[in-house]
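Okay, structure first, notes after.
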Amino acid sequence: MTFLSDVKTFAALGGGVIGSGWVTRALAHGLDVVAWDPAPNAEATIRQRVANAWPALEKQGLAPGASPERLRMAATIEACVADADFIQESAPERLELKRELHEAISAAARPDVIIASSTSGLLPSEFYASARHPERCVVGHPFNPVYLLPLVEVVGGQHTRVQAIETASDVYRRLGMRPLHVRKEVPGFIADRLLEALWREALHLVNDGVATTGEIDDAIRYGAGLRWSFMGTFLTYTLAGGQAGMRHFMQQFGPALQLPWTYLPAPALTDKLIDDVVDGTAEQLGTHSIAALERYRDDALLAVMAAVKHTQQAHGIAADD
């Protein structure tokens, strides 16, 4: 079977932050979008999120014909996916819910249409267990804000065909994304496992009274975070090894990995820890609304991505290096 890669109609199931992000990205790339969400105020919520994100996408550049007016809501799962050329599910992270959803989605969708899930850690072989034509089912795990951040982790299940992975990756590239094929079904995939390790350490630092939430964020945004935005971890440490590169770095700093600097288990989420985290982040927010901070974040991301692209061009470094 050949899977459909010429996408004109994009189906989005789930209208939360991630689902709305997919809707926004697809609209910005000139597609028709059909969305479904069982919440009574789903349409208003999705359209408000699209409107809040649209100014950033206008700055980035819209595809010909891109318009929020190309979104329509469907009353049922079946109506949402019946005429879709690509399907993206972004429902809550509950295994049984995902199984039921994908059983219904796959029964109503055309058999040559890729079905993707935005799950951040559930394994596709488990929640696609009852799906029809599971050979076309993948995980397409994005990052927030979906409409700006290009990374999407693509994961196949035990029945997924290689062609489905390739087709889904091609569709995501056409949406301006950078697909990363995760070779094995592992909980948390790649990026979230790295983020989870950092999150655990951050919670320990708050719990132990070492730093506030704002101080921890400063440690990232004025330090490692700046390097991560254009060079990642391994290449950064390669430079830290001097002319000898990574081998010297591993020899010099490798023994430090045995020091008891870090915790593997997360701290207990006591009421005090939760209050400390909530109070700290409330202080960081100050008088700004969440929507205002989202617009600030979007503009900052655009600026960082533009600066990195400009600098790559100046140094003759390809964007995919």
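Positions are given from 1 along the sequence.
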From CD (Glu135) to NE2 (His159), nearest 0.5 Å: 9.5 Å

Are the side chains of Leu285 and Leu293 in touch, meaning some heavy atoms are under 4.5 Å apart? yes

When hydrophobic residues are tied together by side-chain contacts of less than 4.5 Å, even through go-betweens, does Met305 share a cluster with Val308? no

Cluster check Met73, Val34: I/L/V/M/F/W/Y, side chain < 4.5 angstrom: no

Once rounded to the nearest 0.5 Å, what's the spacing between atom CD of Glu215 and atom CG of Leu205? 10.5 Å

Following the transitive rule for hydrophobic clusters with a side-chain heavy-atom cut-off under 4.5 Å over Ile, Leu, Val, Met, Phe, Trp and Tyr, establish whether Tyr128 and Phe3 coincide in one cluster. yes

Are Ile114 and Val138 close enough that some pair of their side-chain heavy atoms sits under 4.5 Å apart? yes

For the pair Tyr263 and His204, name the ring-plane relationship: parallel under 30°, tilted 30 to 60°, perpendicular over 60°. parallel

Counting N and O atoms only, with roles assigned by atom type, does the side chain of Asp37 sit under 3.5 Å from a partner on the main chain of Ala42, one being a donor and the other an acceptor? no

Could you tell me the separation between the CH2 atom of Trp54 and the CG atom of Asp298, rounded to the nearest 0.5 Å? 13.0 Å

Tell me whether His288 at atom NE2 has more than 12 heavy atoms from other residues, nucleotides or ligands lying less than 6.0 Å away. no

Give the cluster check for Leu13 versus Val152: same hydrophobic cluster or not, with ILVMFWY residues linked at side-chain heavy-atom distances below 4.5 Å. yes

When you compare the side chain of Ile87 with that of Val113, does any pair of heavy atoms fall below 4.5 Å? yes

Carefully, step by step, assess Leu123 and Val186 under the rule side chain to side chain contact (heavy atoms under 4.5 Å, CB included). CA-CA 7 Å; Leu123 301 182; Val186 292; 5.8 Å; no

Near Glu78 CD, under 6.0 Å, is it more than 12 heavy atoms from other residues, nucleotides or ligands? yes

Nearest 0.5 angstrom please: Trp36 CH2 to Cys80 SG, how far? 8.5 Å

For the backbone of Gly188 and the side chain of Glu196, can you confirm whether one donor and one acceptor N or O come within less than 3.5 Å of each other? no

Val155 side chain reached by Thr119 side chain, heavy atoms, under 4.5 Å: no

Answer yes or no: does atom CZ of Arg70 have more than 12 heavy-atom neighbours from other residues, nucleotides or ligands under 6.0 Å? yes

Classify the ring geometry of Tyr237 against Phe249: parallel below 30°, tilted from 30° to 60°, perpendicular beyond 60°. parallel

When the aromatic ring centroids of Phe127 and His102 are compared, is their separation below 6.0 Å? yes

Side chains of Gln60 and Leu148: does their closest heavy-atom pair fall under 4.5 Å? yes

Ignoring hydrogens and geometry, is there a side-chain-to-backbone donor-acceptor pair from Arg174 to Val7 under 3.5 Å? no

Keeping the roles fixed (side chain from Asp208, backbone from Val210), state whether a donor-acceptor pair exists under 3.5 Å. no

Is Glu185 reaching over with its side chain to a backbone N or O of Ser125, donor-acceptor style, under 3.5 angstrom? yes

What's the verdict on side chain to side chain contact (heavy atoms under 4.5 Å, CB included) for Leu203 and Val277, showing C-alpha distance, side-chain angles and the deciding distance? CA-CA 8 Å; Leu203 290 178; Val277 171; 3.9 Å; yes

Ignoring hydrogens, what is the shortest heavy-atom contact between Ala268 and Leu273? Give both atom names and the distance. O-CD2, 3.5 Å

Value rounded to 0.5 Å, distance of CZ in Phe143 from CG in Leu195: 6.5 Å

Are more than 12 heavy atoms from other residues, nucleotides or ligands located less than 6.0 Å from atom CE of Met246? yes

Has Arg25 got a side-chain atom pairing as donor or acceptor with Leu175's backbone, closer than 3.5 angstrom? yes

Please report the C-alpha distance between Gln163 and Thr2 in whole Å, then the side-chain angles of each, then the deciding distance to 0.1 Å, and finally whether the side-chain hydrogen bond (donor to acceptor under 3.5 Å, both in side chains) criterion is met. CA-CA 8 Å; Gln163 292 90 337; Thr2 300; over 6 Å; no

Here the pair of heavy atoms bringing Gly176 nearest to His29 is N-NE2, 3.7 Å

What one should report as the nearest heavy-atom pair of Ser120 and His141 is CB-NE2, 3.4 Å

Quick one, Arg49 with Val23, criterion side chain to side chain contact (heavy atoms under 4.5 Å, CB included). Give me CA distance, side-chain angles, the key distance, then yes/no. CA-CA 10 Å; Arg49 286 178 170 145; Val23 168; over 6 Å; no

Side chain of Thr160, backbone of Cys137: donor and acceptor closer than 3.5 Å? yes

Given 3.5 Å as the limit, does a donor-acceptor pair link the side chain of Ser20 with the main chain of Gly15, or not? yes

Do Val154 and Val182 come within less than 4.5 Å of each other through their side chains, counting heavy atoms only? no

For Glu89, is there an ion pair with Lys98 - N to carboxylate O distance below 4.0 angstrom? yes

Smallest separation among heavy atoms of Ala131 and Ser106, with atom names: CA-OG, 3.4 Å

Could you walk me through whether Trp228 and Ile220 pass the side chain to side chain contact (heavy atoms under 4.5 Å, CB included) check? CA-CA 10 Å; Trp228 288 339; Ile220 297 299; 4.2 Å; yes

Between Trp22 and Tyr172, is the ring centre distance below 6.0 Å? yes

For the backbone of Leu71 and the side chain of Arg47, can you confirm whether one donor and one acceptor N or O come within less than 3.5 Å of each other? yes

Applying the side chain to side chain contact (heavy atoms under 4.5 Å, CB included) criterion to Leu27, which one of Leu57, Leu62, Asp32, Val33 satisfies it? Val33

Do Arg136 and Ile115 come close enough that some side-chain heavy atom pair is under 4.5 Å? yes

Does Leu97 belong to the same Ile/Leu/Val/Met/Phe/Trp/Tyr cluster as Ile105, with side-chain heavy atoms less than 4.5 Å apart forming each link? yes

In short, Leu151 meets Met177 closest at the heavy-atom pair O-CE, 4.0 Å

Exceeds 12 heavy-atom contacts within 6.0 angstrom, atom CG of Asp83: no

Could you tell me which non-hydrogen atom of Pro255 sits nearest to which non-hydrogen atom of Met250, and how far apart they are? CD-O, 4.0 Å

Could you check if a side-chain atom of Glu153 sits within less than 4.5 angstrom of a side-chain atom of Val139, using non-hydrogen atoms only? no

Salt-bridge present (Asp299, Arg297; N to O < 4.0 Å): no

If the threshold is 4.0 Å, N to carboxylate O, is there a salt bridge linking Asp276 and Lys272? yes

Evaluate whether atom CZ of Arg110 has more than 12 neighbouring non-hydrogen atoms of other residues, nucleotides or ligands under 6.0 angstrom away. yes

Main chain of Glu126, side chain of Arg99: is a donor-acceptor contact present, judged purely on distance under 3.5 Å? yes

Approximate separation, where rounding is to 0.5 Å, of Lys309 NZ and Ile317 CD1: 15.0 Å

